[in-house]
Every structure is written in C-alpha cells, then in structure tokens.
Amino acid sequence: MHFYSIENKRFVIAQNNKQNGIIEKIVSLSKRKGFVFQSSEIYGGLNGCWDYGPLGVELLNNIKSEWWKFMTYKDDVEGLDASILMHPRVWEASGHVENFTDPMIDCKVCKARFRLDTLAEFIGDKKKEKILRHFLQDLKEKKSKSTVFAEGIIFSGDDLNEKFTSLLENDELAPELLKEISCPQCGSKESFTKPKSFNLMFKTFLGPVEKEGNTIYLRPETAQGIFVNFLNVQSASRQKLPFGIAQIGKAFRNEINTKNFLFRTREFEQMEMQYFVRPSDDKKWYDEWKEKRMGWYLSLGIAQDKLRFHDHPPNKLAHYAKEATDIEYRFPFGWGEIEGIHNRTDFDLSRHEEYSGKSQKYYDEELKEKYIPYIIETSAGASRSFMAFLVNAYHEEEVNGETRVVLKLHPKLAPIKVAILPLVNKDGMPEVAKKIEADLRPFLKVFYDSKGAVGRRYRRQDEAGTPFCITVDTQTLQDNTVTVRERDSMEQERINIDELLNYLLNKLR
RNA sequence: GCGAGCGUAACUCAGUUGGUAGAGUGUCAGCUUCCCAAGCUGAAUGUCGCGGGUUCGAAUCCCGUCGCUCGCUCCA
C-alpha cells in the first residue's frame, strides 16, 4: 500500500471516489429503512455519534449474540459485564493517563501537523546538534531558570532524538526549542503553534461536586474491566489456565476526528475476550485465536478476499504488546481494522499488581509455581463489524431491467428472519397468513405485510435483508402449503404449513 | 485542529439576475392484481441545518455556528 506512483495514486483515489458512492447509498438506506440514524438529529446531530434503529438494533444484537455464543459457549471462556466507570487508578496502571495523550503542533504556514514526540525524526542529526547549540546559547543569554535543567538533558548520554523528546516534553522549554526548529515540510521558521494535548479519554465527575479530585473517566477500552476481575472470575468459576473472560460493552474515545460513518466514532462497542495463558504458551494461543477469529467472520458470510491480517511490525507495537495483528476488512474507503489480536504479555496484570498492591499471580498446580499469566487479547469492534457486515451484504442487481437492492446478510444476522405475505389481501388469505404469523412469532423475528403488490413487498424485504418470504396463495387454501421465497436466488419452494417452523429453523441454523 | 466541498420533503435532487418552494422515488388510503419495485385514483409531509446581518423582500448575498464527506493530521 505504501509505494504508489502518482498515476497509481490518482487511480486509487478515483476508485475510492466511485466506491464512496456505496457508503453514501448505505448511509441513505440505513436511514430510510431504520438501520442507523444520526444521534440527536433534530438538534443538528452530534459529531461521531449514531443511533441504531429498529433493523439496526436487531442486526447489532445478532452480531453480538453470534459472537457471544461463539466465544463463551465453551468450557474455557467465562462471561463478564463490568462497569463503564472504573477507579481512576485503573487508567494510571493501564498507561492511558500517560500515553493516551499526544501533544501536537501545527505549522501555521503550511498547515502540516506534527506529533511533538516524533518531530525530531524529521530533522537531520547535524541540524539537531546545531539547533541544540543555538537553543542553549539562547537560554543562557536570557538567563532562563531552566538552563541547568536543559543542560542536564543536552549533556546526558541519550541519543539526539531522546534529547529532543525530553526537551519538548517540558512546558517551559518546548516553546523556546520550537523557535529554533524550522518546519520539516515547508521550512518556515517560528511558524509552529503552541503544543496542544489531546487526551483521548472522556472525563466526568464522580458524585455531585465537580472538582479535580473527583475526576473519573469513561472507559476507553473494555479490557481493563476484565483484567481487574481476573482473580474474581477465576476463583468464582474455578477455572484453571488457560481460560478466557469475554465481555461486550461500550467504550469511549474523544477522537480528534470522526470518520467514515460508523468506522471511527467517539462512542463504540467492543466485543473483547482476554485469554489467560502460561507465559511459555503465548505464541501457540496467539496463533490459535488468530485463526479462530478470522474463521468467525468467514462463517458469517464475509467474503474471503475482503479480509486480511495486518501484522504490526515490531517497531510499531503498542507499549503493552509483544505481538499484534489486525483483522482488516476491505471497506469502500480502504482496508480498515475490525478486530485486533494482541499478545499483551503480563503487562496489564503486572501493572495492576503494582498499582493496587494486590497480587495478581496465579498458582499453577501442575507446574507447582506462581506466576502472572500472559494475556492473548481478541478485541473486535461491534460497531465496525456491523458496518463490515452491512457493506459486505449490500448488492445491487439487475432484475428484468430494474435495479434490485438486496442485503445478502447471513440469515443468522438478518434483522427479520421471515416475512409473511398473503398474495392478495382478501379471499381468506390474510386469515391464514395471520395464523402462520402467530405460530412463528414466538420463535422468530417475523414481519407481516399485506399491502400492495407482492413484488413490491418482496423487494422491500430484500432491502431489509430478510432471508425468507412466505406467501399464502389460492393453492394454500386447497392443500395447506405456502411458497417460501429465498432472498438471494429469489426461488420458491412449496412447504406444508405444519412443517414451516422446522423448515425455517433448519435454514437458520 | 487545518484546508476543500456539501446541507432544500423520509430518500435522491431541481430551484434563473434576491420576489416566502418543486420533481422523481418512497410513505399512506382506495381500486386493480394469483408471484418479483406493473397500472389507476387520491392524500399527507418542508420555519430551505441552526442563529444573526444586509434588504421593502433571503433557499439565493454576507458573517457565525452545527453536521456530513474528502484530504492533511491522528488512531496509545
């Protein structure tokens, strides 16, 4: 992806523009049919927040339910639903208070933006030395109080990049040093804005008094709720390693920019499973979960050529990870992460042991030793998966010269499983259809529609992704059979009404 | 956060040099209809994203703001 020629890049952009029409169509369909609405729409909307409508919540629930069954209906994974609000020390231990902040500067001339901690990488070494000399001389002339502190850094044994980073982390020194640095993109001097910090955690206050000491955070990931409950769950469920804890829940990140419909939002839902293993077994379980998770998407109908692993190169790994990969889906706007699989090592539990003072060690009866388990994390985005399933399902087909819009959702995920349609709204057909509806409703999400031409009703169900349409016709009144129309092939089969439920349940397995 | 574009009915959009809004689709009611958005009749729906300004008069011009899209940036 990194080495396009200009021609290629233009081609890719042109392709993207064409493809983005699909996202627009899906956003439009989502609103029209009730999958997704913009949050607080009548007030002008709220940036990066979306509401799931009647069909959307069914689809989302089905995705979560399939995940839950796949992940926890087994003897080595337990479920959990932890509180969104957690003790603030959790986020100190996790590193989010410290690391979830990125001080950044903009060049006022060319509008380029740089992360303060990586700015030095854009500058040549000789240039850096020159900058530091000027900088120190300047401080001395101004008799700055920070001169001694700055000298301490500059004459330390750190490499040049580290020196820069340390100096830039200091609120007093950073503006002075920035004066010496010209913009790596356009070369302008003294063109940088003041460093601005973005902590991506939402803050709120515990209790009625809004003061600093009462600050707590909306969780930026669900994982920590699992980590801090590791020993609770382990002892309550009498699990032995290896075992996992799974959780579905909302998480919040105050993103600088939201983007691409549901893809980057400020409030989103995660489906996470943390698998606790012997440190020596980490690679084995990491590989195993990689394959299992990829298999899950395939089993629910995502096209194989739209999925890939994106392994993180070692120098790009997060502070807690030993090995990491993303499962990416090929969205119309490009490849995007829908799930992350990480070897988090013993980082999290060690930190919680350190910050809480409570031992997080596990006694392995087989090995007769105590250790902090390693953790293999599978972290899927429910909202992102939702979008991937929706995009993947969207098809436009030519049928008799007309365009048919059909969501080819896996039947397990389809919001409505069966529509029941009397061919015409008279001659005793509605009565039979109503009876079928009543019989099926306790078992399946069904939809009854008797108005207008049957063709129109079929197409409406196609747009909603309903896999089966049952139609009551004249023959029904004679031999107790109905037609069952399959969404993708549009083919029909005659089934006896008494066998309908079994027939459908079978198809939906 | 910066830059560009956009915002008119549920959806897609039109709306002339400023004179308070239309189409198609959809929706609803009815007729027709024995199987794939057919046809006929009728109906409902808009403070033109929001706020302010200019003007006798603003969907239209200006300013601000909110939202969406794209690019940059970011995504521990």
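A note on names: the letters A, B, ... follow the listed sequences, proteins ahead of strands, and every chain is numbered from 1.
Remark: the separation of the C1' atoms in G52(B) and C11(B) is 31 Å, to the nearest Å. For the C1' atoms, the distance linking A10(B) with G5(B) amounts to 25 Å, nearest Å. For the P atoms, the distance from C35(B) to G30(B) is 23 Å, rounded to whole Å. The P atoms of U55(B) and U60(B) are separated by 16 Å, rounded to the nearest whole Å. One C1' atom belongs to C63(B), the other to U12(B), and the distance between them is 31 Å to the nearest Å. Comparing C56(B) with G64(B), their P atoms sit 24 Å apart, to the nearest whole Å. The separation of U45(B) from G22(B), taken at their C1' atoms, amounts to 14 Å, rounded to a whole angstrom. Taking atom C1' in both G15(B) and A23(B), one finds a spacing of 10 Å when rounded to whole Å.
Electrostatic pairing of Lys507(A) and Glu486(A) does not count as a salt bridge here, judged by no charged N lying under 4.0 Å from a carboxylate O. A salt bridge links Asp462(A) and Arg404(A); the closest N-O separation between the charged side-chain nitrogens and carboxylate oxygens is under 4.0 Å. The existence of a salt bridge linking Arg351(A) and Glu92(A) is excluded, since no basic side-chain nitrogen approaches an acidic carboxylate oxygen closer than 4.0 Å. Here Arg485(A) does not pair with Glu491(A) in a salt bridge; the nearest charged N to carboxylate O distance is not below 4.0 Å. Glu397(A) has a carboxylate O that lies under 4.0 Å from a charged side-chain N of Lys408(A), or vice versa, which qualifies the two as a salt bridge. Between Lys434(A) and Glu437(A) a salt bridge is recorded (basic side-chain N to carboxylate O distance below 4.0 Å). At a threshold of 4.0 Å, the pair Lys250(A)-Glu269(A) does not count as salt-bridged, since none of the basic side-chain nitrogens sits closer than that to a carboxylate oxygen.
Counting non-hydrogen atoms under 4.0 angstrom, Gly48(A) reaches the backbone sugars and phosphates but no base. Among the heavy atoms of the strands lying under 4.0 Å from Phe261(A) are primed sugar atoms or P, OP1, OP2 only; no base atom is included. Contact annotation for Glu397(A): no contact, since no heavy-atom pair falls under 4.0 Å across all strands. Using a 4.0 Å heavy-atom criterion, one finds that Arg485(A) contacts the bases of the nucleic acid, with or without backbone contacts as well.
Here the C1' atom of nucleotide U25(B) and the CG atom of Leu29(A) are 14 Å apart, to the nearest Å. Put simply, CD1 on Ile23(A) is 11 Å from C1' on U69(B), counting in whole angstrom units. Look at CG on Asn260(A): it is 9 Å from C1' on U69(B), rounded to the nearest Å. Between Ile42(A) atom CD1 and C68(B) atom C1' the separation is 18 Å, expressed in whole Å. Atoms NZ (Lys25(A)) and C1' (U25(B)) sit 14 Å apart, rounded to a whole Å. Asp449(A) has its CG atom 15 Å from the P atom of A37(B), to the nearest Å. Here U32(B) presents its P atom at 17 Å from CZ of Arg456(A), a figure rounded to the nearest Å. For the pair Asp427(A) CG and U32(B) P, the computed distance is 11 Å after rounding to whole Å.
Nucleotide C31(B) forms a Watson-Crick or G-U wobble pair with G39(B), both donor-acceptor distances falling under 3.5 Å. When Watson-Crick and G-U wobble pairs are counted only if both distances are under 3.5 Å, G46(B) pairs with no nucleotide at all. G7(B): Watson-Crick or G-U partner is C66(B), with both key distances under 3.5 Å. Across every strand in view, U16(B) sits unpaired, with no contact that passes the Watson-Crick or G-U test at under 3.5 angstrom. Summarising the base pairing, A59(B) is matched to no nucleotide, lacking a Watson-Crick or G-U wobble pair whose two defining distances lie under 3.5 Å.
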Considering only nitrogen or oxygen atoms on both sides, find all protein atoms under 3.5 Å from nucleotides 6-13 of chain B and state each distance.
residue: A10(B); atom: O3'; partner: Lys31(A); partner atom: NZ; Å: 3.3
residue: C11(B); atom: OP1; partner: Lys31(A); partner atom: NZ; Å: 2.5
residue: C11(B); atom: O3'; partner: Ser28(A); partner atom: OG; Å: 3.2
residue: C11(B); atom: O2'; partner: Ser28(A); partner atom: OG; Å: 3.0

Can you check nucleotides 43-46 of chain B for protein contacts, nitrogen or oxygen pairs under 3.5 Å, and list what you find?
none

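Position along RNA chain B of the nearest nucleotide to Val424(A) versus Gly455(A) favours Val424(A) as the more 5'-ward residue. Across the interface with RNA chain B, nearest-nucleotide mapping of Val399(A) and Gly45(A) shows Val399(A) to be the residue nearer the 5′ end.
Checked against a 6.0 Å centroid threshold, the rings of Tyr297(A) and Tyr329(A) do not count as neighbours.
No hydrogens or angles were tested; on distance alone, nothing pairs the side chain of Gln38(A) with the base of C68(B) as donor and acceptor under 3.5 Å.
Distances from the side chain of Trp50(A) to the nucleotides C68(B), A37(B), C35(B) place C68(B) closest. Distance from the side chain of Lys426(A) is smallest to U32(B) among G67(B), U32(B), C36(B). Closest to the side chain of Asn47(A), out of U27(B), C68(B), C36(B), is C68(B). Checking C36(B), A29(B), C35(B) against every side-chain atom of Lys451(A), the shortest atom distance belongs to A29(B).
In summary, of the residues considered (Leu262(A), Leu390(A), Val36(A)), a side-chain contact (heavy atoms from CB on, under 4.5 Å) with Ile26(A) occurs for Leu390(A) alone. The only member of Arg308(A), Arg293(A), Arg384(A) that meets salt bridge (charged side-chain N to carboxylate O under 4.0 Å, His left out) when paired with Glu339(A) is Arg293(A). None of Val424(A), Asn425(A), Val472(A), Leu421(A) except one satisfies the side-chain contact (heavy atoms from CB on, under 4.5 Å) rule with Pro430(A); the exception is Asn425(A).
The aromatic rings of Tyr275(A) and Trp285(A) are tilted relative to each other, their planes meeting at an angle between 30° and 60°. Using a 30° and 60° split on the angle between ring planes, Phe230(A) and Phe276(A) fall in the parallel class, below 30°.
A donor-acceptor pair under 3.5 Å is absent between the side-chain atoms of Asn260(A) and the main chain of Phe263(A), judged by distance alone.
A heavy-atom distance below 4.0 Å to RNA chain B is reached by these residues of residues 458-473 of chain A, ordered by number: Tyr458(A), Arg459(A), Arg460(A), Glu463(A), Thr471(A), Asp473(A).
Between the side chains of His352(A) and Gln224(A), at least one donor N or O lies within less than 3.5 Å of an accepting N or O.
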